[in-house]
Structure formats: structure tokens, C-alpha cells
Amino acid sequence: MKTIKYLTTPIYYPNNTPHVGHLYSSLLVDVWKKAAKLLNRKHYFTTGLDEHGQKVAQAAAARGYSAQEHVNHLSAKFIEFFQHFNIEWDYWVRTTSVEHKMAVQNIWMKLKNNGYIYKGNYAGWYSISDETYLAEKPEQESEHIVWREEDCYFFKLSALEDQLKKFYEEHPDFVYPNKRYNEAMGFLQNGLKDFVISRPKNRLYWGIEVPDDSDHVIYVWIDALVNYISAVGYPNEEEYKHYWPGKHVLGKDILKFHAIYWPAILMATQLPLPEKLIVHGWWMRDDAKISKSLGNAVPLDDLITKYQVDGIRYFLLRGIELGEDGQFREDILKGVVHGDLANKYGNIFLRMLGIIELRFGGALPNGMPNLKTKEADALRKTLDRLYYSVDTLIDEPETMSEYLNRFIEVIVQINDYFQNNKIWEIEDKVEQAANLYFLMDIFRKATVLISPVLTNSANAVMKFLGFPECSMKYYDSNLPLEYISNRPRLFPKI
RNA sequence: UGCGGAAUAGAGCAGCCUGGUAGCUCGUUAGGUUCAUAACCUAAAGGUCGUAGGUUCAAAUCCUGCUUCCGCAACCA
């Protein structure tokens, strides 16, 4: 029985160094997981690497390492990168692990025993220099390009077409956003062809062997996709059933594999299908996809210095609607970090502390009355909406954008309250203190609720306010009344 | 060439499904203001909604052609 909610990122191909595209996928799941933890729910988050394949083997050879040594090194690098951004997963996937290999071979045998794998023949124009088949007949004859045929295994995808169609018709919410659902439907309408799921070992040695035919290696898609269940213990039924089925976060480029191939593999092995696919867009830089092959990755170290880890985390989530593409440009990042975090979030904190210091010597007087004004109620309502958005996010990761919007609404409204009621001008000290306490209380609560995103800052704010840590334990407790006078500037502008 | 997505103010986007005075954030300009991080408040300038047609009393919105960009189309993963 499923007892734990489970969300995955794609596993990344370590072709090159990690970049902002990898970070984005993992960040989405990280925030979801942290939100769940905040509200004391049990959730599980996996991410990791897809370590097999020709390019990895070639890169290893070029550097004089064995493939395994090479991926060990890359895995460490990716882990370091993600940890730098406070990404906290429950399990780090490596497709070279023994457990994963066993799961993949188990799936292969199930597919075969159920009659979904057959041996066939692949033929085409083969480029010897690129070690790959070409899509079309080359224009010019060349001694490096030859017609070639070889044995290989096929997956009988075509046999599952009707079953998949039926599933999609019965599950209109299976893919988020809707346009990606439509795209998946389009794949189905166009008809499904069987596809090749193995490579001859003499051409690709760096992969998982076909269980009963050591001349062949299982090609990437079965290998990689099975990570979603091997990561939670499959084929150990007892273990993995606590987690599976889960939800997958993925980029729009790999929609077909997750929307068609993966459900098909699960159907063919009679395993439950995923609950949902959440498909995000891409970060573009100068209108090009930020990718491993183009080499236009952004120098993140520089940006961390300027905008902090939290600033980048915030921008990645706030900068685009989930599902859309976005421009990863420093001027836009700067606009968001300054506009939201420095000018609104950081600034109101400083404004409140400024008056507390000026009028009360850094300590709010005790015994604050409960503010009962209309405006105070409105602000409480806005805060409630933020709270509910966290609660919603835990079950519906696709509501990420709304969560961020709700947060900034609260902060803007604190600013408006402060402004409209001219808190700094209130003569009556009791009244002024009551208003400050009220606003600081809302601010503290909003800080706790945004801590899944602003991990470092939220902790810093709570510690400054005198709490031992940032958690729901201190969401409702009385605010400490003594504040040290050295006021912190959150997100200082550079 | 097929399938899908996109083109709206200097930048980033919403609005389109369910036609009816074009909106948000940032930036720019002018004024105000200080409790505050050149913050904050008020106001202004700035768009023939990619393009050419069609439907309609009325089109950013519906339909068609075209152009440009981004994915998938291919054994790159």
C-alpha cells in the first residue's frame, strides 16, 4: 500500500558540467519536498544521474579513465553542485548501481515473458566516425558511411496503442500543463511504432547487459526510466509499493519518453502507471536552450556572489510560469531579486526594525493587544491564502507559481499597511507597538512559509528574531521582544 | 516537410477557451517623501497585439495563408 508521496526529477546525463537547467528541475522537487517537511508530511524525492551511454564512455576514454571511474567523479561533481544550492534529496540515483541493474534486468525479463520483446534487424546508413546511424541517406558517398545491418531487440510498442489511448482518455489530468497532454495525445493519434531497445555490445559496451544475451546491451530508455522504481526498492514489492506510483517532473524535450514509452513499459509489465507528469519549460539564454551540448551555460558562481543562493532559487521559480520557457539573463534576475526580495521583503523588515530601534530602543513592549481592524483582518486573510497555497503545493506540485505569487502578495500588503497607516508617525506608543507587533508577526509567518524557497534567508531572519531555527514550531509562538540593534540587510543590492 | 509550442510598450509576461474602451511587473521621466536597501508614494510617456486576408455591427481574441523562433520528428540522451 502506498504510504509515502513520491516525486522525481529526470536523471541527468553527465555529458558536461551541471547547469541551470538541471538545477531548475531539481529545485522544483526540492521546494515541494521542503514544503511537505514544513507541514510535517512524509514525502520522498529522488534525483541523480543516468550514467551509461556512448558519450560517457567516450569522454572517459578521452581522459584516460575507466568509465566507472569517470562517472564516480561526475556523480560527485553533480552532488556538490546541487548541495551548493541547498537541494536535499532522499535518494541519489546512479544507474550503475547494482540495485538498479537488477531492477532493469527484471523489467526486461518481464517484458520478454509477457511477449513484448522480439529480436529483429536494424538497418541503415552508418557513420563510422560518429559511431551512429544516420537518419537519412547521405548526399555524398563516403568510405566512412556504410550500409549496415545488425541484430537488435525491439519493444512491441504498437501493441499497446489502444490501451494507451484509453488510458489518456480516462485520465485527462495525467499530464500538466494541458498543452503537453494534447501533445502526448498527438503522438498517439499519429500511431506508435515498435522501437529498438538494445545495442550490440561491440558498439556500445557501457550499459546494462541483456539478461539472456550478453552480446547486447539494454539501450538508454529502459535503463533510465526504470530508475523511477528502482530508486524506491523495485523489484522488492513490499518496499516499492509504499512509494509507487509517484509523480514525475520533467522537461518538455523528454515528454515522449515519459508520456508514451514509460507508461507503455509499465503496462507491458503490469505495473501501476505514474500519477502525473509535470512538464516544465526551458531556461533560454540569448534564445538558445541552456544545454550541455551548446556550452552556453551561465557562470553561476558569479551570480551566487551577487544574488545569493536564495536569490537564484527564488528567481528560477518566480521568473516563469511553470510549464513555460524563460530567459535566464542577469538583468532579469537582478530585476526580480531587487524588486521582490530587496525592495519588498528585505526592505519592510528593515523599516520595522528601524522604528523598533528608534522608538523602543530595540525592544517591543510586552502585552500586545490583538489588532481587530478591517485592514488587519484583510492581511490575515492574505496570509491564510499563502498558508493554503503551501498545503496545496504538497499535493499538487504544479501550483508552484501560485505559491510564489501568494508570498509576494503578503509582503506587498505588509508594505501597504505600513505605508497607509504611517506606522512611523503614530504618536501613541502602545498603538504603534501593537501595529509593529502585528506586522512583524505576519512577516515572521510569511518567512516560515517561504522557507522552502529562501532556505538561508528564512533561517537568518528567524535567528535574528530570536528563534533557534526556522520551523512551524515557531509559526504561532509569541515573538521575542528583544532585537539586537545591528539590523541585517537581506539581499543587499550590488 | 510532418506534430506541438510561441510572436502583445525598452525588457519579461498576462489577456485569447467564453469577441465588446489593451493590462501586469521591471525600466524610463516628472513631482512628493524618509521609518527604510537610490527604498517608498503619486503621476506621466511609451503598443496600428509578427504579417496578409476572411468571418462579424465589433477581432489581440474565431478561421485561413505566410514569416520568424523553440522543442519533438533521426541510433544524442
Side-chain angles (χ1 to χ4, degrees), chain A residues 10-16 49-56 58 122 124-127 130-136 148 150 152 177-190 195-200 203-204 219-221 223-224 251-257 259-260 279 281-282 284 287-289 291-293 318-321 323-329 331-359 405 408 412 415-416 418-420 422-426 432 436 487-494:
Chain A
I11 47 173
Y12 309 113
Y13 198 62
N15 220 8
N16 207 327
L49 296 186
D50 170 20
E51 300 182 326
H52 290 123
Q54 190 170 289
K55 284 193 177 173
V56 166
Q58 281 169 348
Y122 189 91
W125 293 97
Y126 183 79
S127 164
D130 295 337
E131 296 184 34
T132 179
Y133 279 89
L134 302 172
E136 290 168 7
R148 187 158 154 175
E150 61 194 16
C152 58
N178 201 253
K179 63 185 177 188
R180 299 299 168 204
Y181 174 89
N182 294 338
E183 196 174 345
M185 270 303 223
F187 295 144
L188 292 170
Q189 306 296 351
N190 289 338
F195 68 104
V196 184
I197 51 169
S198 72
R199 293 285 182 276
R203 198 148 69 73
L204 176 73
Y219 190 55
V220 60
W221 288 111
D223 181 351
K252 62 178 183 178
D253 55 325
I254 48 176
L255 175 67
K256 191 173 192 174
F257 305 100
I260 306 295
V279 186
W282 270 344
M284 318 287 274
D287 292 327
K289 177 194 171 194
S291 82
K292 34 206 172 186
S293 52
R318 170 90 171 146
I320 48 177
E321 288 288 316
E324 303 300 319
D325 291 347
Q327 301 275 330
F328 195 89
R329 277 187 358 220
D331 59 324
I332 302 174
L333 173 109
K334 186 173 173 176
V336 170
V337 172
H338 284 191
D340 284 2
L341 299 180
N343 296 351
K344 295 192 175 84
Y345 180 71
N347 189 48
I348 190 60
F349 190 46
L350 216 56
R351 291 178 88 177
M352 293 188 288
L353 291 174
I355 302 186
I356 292 171
E357 190 182 339
L358 215 69
R359 295 264 291 175
N405 291 340
I408 205 66
V412 166
N415 266 294
D416 287 348
F418 198 93
Q419 192 67 29
N420 296 337
K422 295 191 162 70
I423 302 300
W424 61 95
E425 281 182 2
I426 298 175
Q432 190 179 40
L436 281 170
R487 311 191 312 253
R489 281 190 183 193
L490 308 169
F491 304 98
K493 296 190 189 175
I494 34 77

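Only a predicted model underlies this, so the values are computations on that prediction, with no experimental measurement involved.
- In this structure, C72(B) forms a base pair with G2(B), meeting either the Watson-Crick or the G-U wobble geometry with both donor-acceptor distances under 3.5 Å.
- Across U56(B) and G2(B), the matching C1' atoms stand 33 Å from one another, rounded to whole Å.
- The residue L353(A) sits apart from the nucleic acid: no heavy atom pair falls under 4.0 Å.
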Would you sort out whether L204(A) and Y219(A) count as a side-chain contact (heavy atoms from CB on, under 4.5 Å), showing the intermediate values? CA-CA 9 Å; L204(A) 176 73; Y219(A) 190 55; 4.3 Å; yes
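- When the nucleotides C41(B), A11(B), A39(B) are ranked by their closest atom to the side chain of N343(A), A39(B) comes out on top.
- Out of U37(B), G71(B), C35(B), the shortest distance to the side chain of D253(A) is found at G71(B).
- The residue K334(A) sits apart from the nucleic acid: no heavy atom pair falls under 4.0 Å.
- For the residue pair V279(A) and P177(A), the shortest heavy atom distance occurs at O-CD, 3.4 Å.
- Whole-Å rounding puts the E183(A) CD to G5(B) P distance at 7 Å.
- Side-chain atoms of N190(A) lie closest to C3(B) of the nucleotides C70(B), C3(B), A36(B).
- The base of A36(B) lies close enough to the side chain of N347(A) for a donor and an acceptor atom to sit less than 3.5 Å apart.
- Among the atoms of the strands shown, only primed sugar atoms or phosphate atoms (P, OP1, OP2) are found under 4.0 Å from some heavy atom of K179(A).
- At the phosphate of A36(B), neither OP1 nor OP2 sits under 4.0 Å from any side-chain N or O atom of R351(A).
- Rounded to a whole Å, the CD atom of Q327(A) is 19 Å from the P atom of C26(B).
- Nearest heavy atoms, I11(A) versus A224(A): CD1-O, 3.7 Å.
- Rounded to whole Å, the C1' atom of U28(B) lies 16 Å from the corresponding atom of G12(B).
- Across the interface with RNA chain B, nearest-nucleotide mapping of E150(A) and F187(A) shows F187(A) to be the residue nearer the 5′ end.
- Atom P of C40(B) sits at a distance of 30 Å from the matching atom of U48(B), rounded to the whole Å.
- Closest non-hydrogen pair, I320(A) versus D325(A), comes out as CG2-O, 3.3 Å.
- Nearest nucleotide to the side chain of I355(A), out of A36(B), C35(B), C3(B): C35(B).
- Distance CD1 (I254(A)) to C1' (C76(B)): 13 Å, rounded to an integer number of Å.
- Nucleotides A60(B) and C35(B) place their C1' atoms 44 Å apart, quoted to the nearest Å.
- G20(B) sits 49 Å from A77(B) when the P atoms are compared, rounded to a whole Å.
- Of the nucleotides present, G32(B) is the one that pairs with C40(B) by Watson-Crick or G-U wobble criteria, both distances under 3.5 Å.
- A distance-only check finds no donor-acceptor pair linking the side chain of Y345(A) to the backbone of G339(A) [under 3.5 Å].
- Only the P atoms considered, C16(B) is 24 Å distant from A52(B), to the nearest whole Å.
- F349(A) comes within 4.0 angstrom of no nucleic acid atom, judged by non-hydrogen atoms across all strands.
- Comparing U37(B), C35(B), G5(B) by their closest approach to the side chain of K493(A) singles out U37(B).
- As rounded to whole Å, 21 Å separates atom P of G71(B) from atom CD1 of I260(A).
- Atom CG in N182(A) sits about 12 Å away from atom C1' in C17(B), given to the nearest Å.
- The nearest pair of heavy atoms linking E51(A) to V56(A) is O-CG1, 3.5 Å.
- For the side-chain contact (heavy atoms from CB on, under 4.5 Å) criterion with W424(A), the lone passing option out of R359(A), Q419(A), M352(A) is Q419(A).
- Taking atom CD of E425(A) as the reference point, atom P of U34(B) lies 8 Å away to the nearest angstrom.
- A salt bridge links R203(A) with E150(A): the distance from a Lys NZ or Arg NE/NH1/NH2 to an Asp or Glu carboxylate oxygen falls below 4.0 Å.
- Distance noted for atom C1' between G19(B) and C57(B): 12 Å (whole Å).
- For the pair I408(A) CD1 and A14(B) P, the interatomic distance rounds to 19 Å; values are reported in whole Å.
- Under the Watson-Crick or G-U wobble criterion, with both distances below 3.5 Å, C26(B) is paired with G10(B).
- The residue among L341(A) and K256(A) whose nearest nucleotide of RNA chain B is located toward the 5' end is L341(A).
- Comparing U25(B), C70(B), A11(B) by their closest approach to the side chain of D325(A) singles out C70(B).
- Of the listed nucleotides (U37(B), C72(B), C40(B)), C40(B) has the atom at the smallest distance from the side chain of Q419(A).
- Minimum atom distance to the side chain of I332(A) is reached by G12(B), of the listed G71(B), G12(B), A77(B).
- For U61(B), there is no paired nucleotide, since no Watson-Crick or G-U wobble pair has both relevant distances below 3.5 Å.
- Comparing C69(B) with U33(B), their C1' atoms sit 46 Å apart, to the nearest whole Å.
- You'll find that the side chain of Y219(A) is closest to A77(B), out of A11(B), A77(B), C75(B).
- Contact annotation: side chain of R203(A) to base of C75(B), donor-acceptor pair present below 3.5 Å.
- When heavy atoms are screened at a 4.0 angstrom cut-off, G339(A) is found touching no nucleic acid atom at all.
- Here C70(B) is the nucleotide among C70(B), C35(B), C76(B) with the atom lying nearest to any side-chain atom of M284(A).
- Summarising the geometry, the separation between CD on E321(A) and P on A6(B) is reported as 13 Å, rounded to the nearest angstrom.
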